[in-house]
Number of protein chains: 2
Amino acid sequence: MVSDVDATLTALADPTRRRIVELLRERPRRAGELVAAFDISAPAVSRHLRVLRHSGVVTERPADTDARQRIYELRPDRLAALGAWLDQVQSFWTDQLGAFKAHAEKTRAERVSEE
Amino acid sequence: MVSDVDATLTALADPTRRRIVELLRERPRRAGELVAAFDISAPAVSRHLRVLRHSGVVTERPADTDARQRIYELRPDRLAALGAWLDQVQSFWTDQLGAFKAHAEKTRAERVSEE
DNA sequence: GACATCACTAACCATGAGGTTAATTATTAA
DNA sequence: TTAATAATTAACCTCATGGTTAGTGATGTC
C-alpha cells in the first residue's frame with residue numbers, strides 16, 4: 001500500500017537527490033550534466049541516480065547522438081503516488097478537524113502560487 | 001525555498017516516522033499510545049517524535065487530565081507544503097513532456113529559467 | 001587498431017542515524 | 001513526603017549511507 005511511496009520518500013530523503021529532481025524538473029539531462037551541477041565526484045552522483053532509478057523516480061536511456069551519454073528524465077508516476085499518499089493523510093486530518101479544512105486548502109493554494 | 005519541504009522529507013524518510021504519521025492521521029494520540037504501537041523502545045519512539053516535532057509535522061501538548069502525558073497531533077501545513085512542492089515538480093513535467101520527448105535527444109533545448 | 005571519453009561498478013573509509021539501557025525531570029498517587 | 005508513572009535526555013553501540021579513488025565496459029574518434 002505504501003511500498004512505492006516508501007521507496008519514493010527514501011529516494012527523496014537525500015538533499016542531493018532532491019536537487020537532481022529539481023534539475024530534471026526543468027528538462028531531461030545527461031548524467032555528465034548532472035555531475036557538473038554538484039561539487040561531489042561523478043561516482044557519487046551516479047549512485048544517487050541509481051537510487052532514483054530503482055525507486056522509479058527517474059528513467060534512463062542512452063542518447064541518440066552518443067550512446068555513451070545517458071539521458072535522465074523525471075517520471076511522474078511515483079511522485080503522483082506520493083502526492084496521493086499526502087492527500088490521503090491530509091484528507092483524514094481535515095475530516096477530523098473540519099474547521100481547519102479551508103485553512104489547509106488555502107495554505108496549499110498560496111504555496112503553489114508563490115513559486 | 002525548499003527548506004521546509006526539505007525538513008519534511010527528511011522527517012518522512014524513516015518508515016517508523018511514516019507509520020507514526022499514519023497513526024496520527026486518524027486522531028491525536030498520547031506518546032505512550034504511539035510507543036505501544038511499535039516493537040522498539042520508548043526512547044527510540046521519543047526521538048522519532050522529536051524529529052517530527054522539529055520538522056513541524058506534528059505538535060505536542062500536555063494532556064488536560066494528566067500533565068505527564070503528552071498528546072501528539074498531526075499538523076497539516078508542512079505536509080501541505082510538501083504537496084505543493086510535488087505539484088510543482090509534476091506540473092513542470094507535464095507542461096514540457098511533449099516538447100522534450102520530440103527534441104531532447106537531438107536538440108539542446110534552451111529553457112526559460114523561471115527562478 | 002589505438003586511444004580518449006562517458007558513465008558505471010568495486011573497494012574502502014568516515015559519519016550519521018537509529019537502536020539499546022540507564023539516568024533524569026515532571027507530575028500524580030499513596 | 002515518599003513512591004510510582006509518563007516521557008524524555010544521556011551515553012553508548014552498530015550499521016547503513018554517502019563520500020572518496022581506482023578500475024571496468026562500452027562507445028566514439030584519430
Side-chain angles (χ1 to χ4, degrees), chain A residues 2-3 6-24 27-74, chain B residues 6-24 27-74 104-106 108:
Chain A
V2 219
S3 60
D6 207 86
T8 304
L9 281 168
T10 302
L12 296 179
D14 180 83
T16 300
R17 289 196 290 269
R18 279 193 291 272
R19 183 106 186 282
I20 289 175
V21 167
E22 297 201 335
L23 288 170
L24 294 182
R27 63 168 177 276
R29 299 189 189 249
R30 288 174 289 108
E33 208 175 337
L34 293 170
V35 166
F38 298 92
D39 280 341
I40 60 179
S41 66
V45 174
S46 189
R47 250 190 358 196
H48 283 303
L49 290 172
R50 179 167 56 187
V51 172
L52 290 168
R53 234 160 44 220
H54 286 144
S55 69
V57 173
V58 304
T59 56
E60 172 263 340
R61 66 170 186 279
D64 286 356
T65 53
D66 183 345
R68 287 173 305 180
Q69 301 181 348
R70 303 191 190 170
I71 309 278
Y72 281 86
E73 185 172 353
L74 206 57
Chain B
D6 208 85
T8 305
L9 281 168
T10 302
L12 296 179
D14 180 83
T16 300
R17 290 196 291 268
R18 279 194 291 272
R19 182 104 190 283
I20 289 175
V21 167
E22 297 200 335
L23 288 171
L24 294 182
R27 65 168 174 277
R29 297 184 189 254
R30 287 175 291 106
E33 207 175 338
L34 294 170
V35 166
F38 298 92
D39 280 342
I40 60 178
S41 66
V45 174
S46 188
R47 250 189 358 195
H48 283 303
L49 289 172
R50 179 167 56 186
V51 172
L52 289 168
R53 233 161 45 220
H54 287 145
S55 69
V57 173
V58 304
T59 57
E60 172 264 341
R61 65 169 188 279
D64 288 354
T65 54
D66 183 345
R68 287 173 303 179
Q69 302 180 346
R70 304 193 188 169
I71 308 279
Y72 280 86
E73 184 172 356
L74 206 55
E105 295 87 352
K106 310 178 179 185
R108 182 75 62 80

Take atom [atom1] of [X] and atom [atom2] of [N], then tell me their distance rounded to the nearest Å.
X: Arg68(B); N: dA3(D); atom1: CZ; atom2: P; result: 16 Å
X: Ile71(B); N: dA6(D); atom1: CD1; atom2: P; result: 13 Å
X: Arg29(B); N: dA6(D); atom1: CZ; atom2: C1'; result: 18 Å
X: Ile40(B); N: dT21(C); atom1: CD1; atom2: C1'; result: 14 Å
X: Arg30(B); N: dT8(D); atom1: CZ; atom2: C1'; result: 16 Å
X: Asp14(A); N: dG16(C); atom1: CG; atom2: P; result: 14 Å
X: Glu33(A); N: dA7(C); atom1: CD; atom2: C1'; result: 14 Å
X: Gln69(A); N: dA7(C); atom1: CD; atom2: C1'; result: 10 Å

Within 45° cone and under 6.0 Å: Arg30(A) NZ/CZ vs Tyr72(A) ring: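 Verdict for Tyr72(A): no cation-pi partner in Arg30(A).
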N/O (side chain, [X]) to phosphate O (OP1/OP2, [N]) under 4.0 Å:
X: Arg17(B); N: dG18(C); value: yes
X: His48(A); N: dG19(D); value: yes
X: Ser41(B); N: dG19(C); value: no

Lys/Arg-Asp/Glu bridge criterion (N-O < 4.0 Å) met for Arg29(B), Glu73(B): no
Lys/Arg N to Asp/Glu carboxylate O, Arg27(A) vs Glu33(A), below 4.0 Å: yes
Upstream residue (5' side of DNA chain D) when Arg47(B) and Tyr72(B) are each assigned their closest nucleotide: Tyr72(B)
Nearest-nucleotide 5' precedence on DNA chain D, Val45(A) against Arg50(B):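 Between the two, 5'-proximity favours Arg50(B).
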Working for side-chain contact (heavy atoms from CB on, under 4.5 Å), residues His48(B) and Val51(B): CA-CA 5 Å; His48(B) 283 303; Val51(B) 172; 5.6 Å; no
Sugar-phosphate, base or nothing in reach of Ala67(B), heavy atoms under 4.0 Å: sugar-phosphate
Sugar-phosphate only, base, or nothing, as touched by Pro43(B) at under 4.0 Å among non-hydrogen atoms: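 Contact class for Pro43(B): base.
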Arg17(B) side chain vs Thr10(B) backbone, donor-acceptor pair below 3.5 Å: yes
Ala31(A) side-chain proximity, nearest of dT9(D), dA7(C), dT28(C):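 The closest nucleotide is dA7(C).
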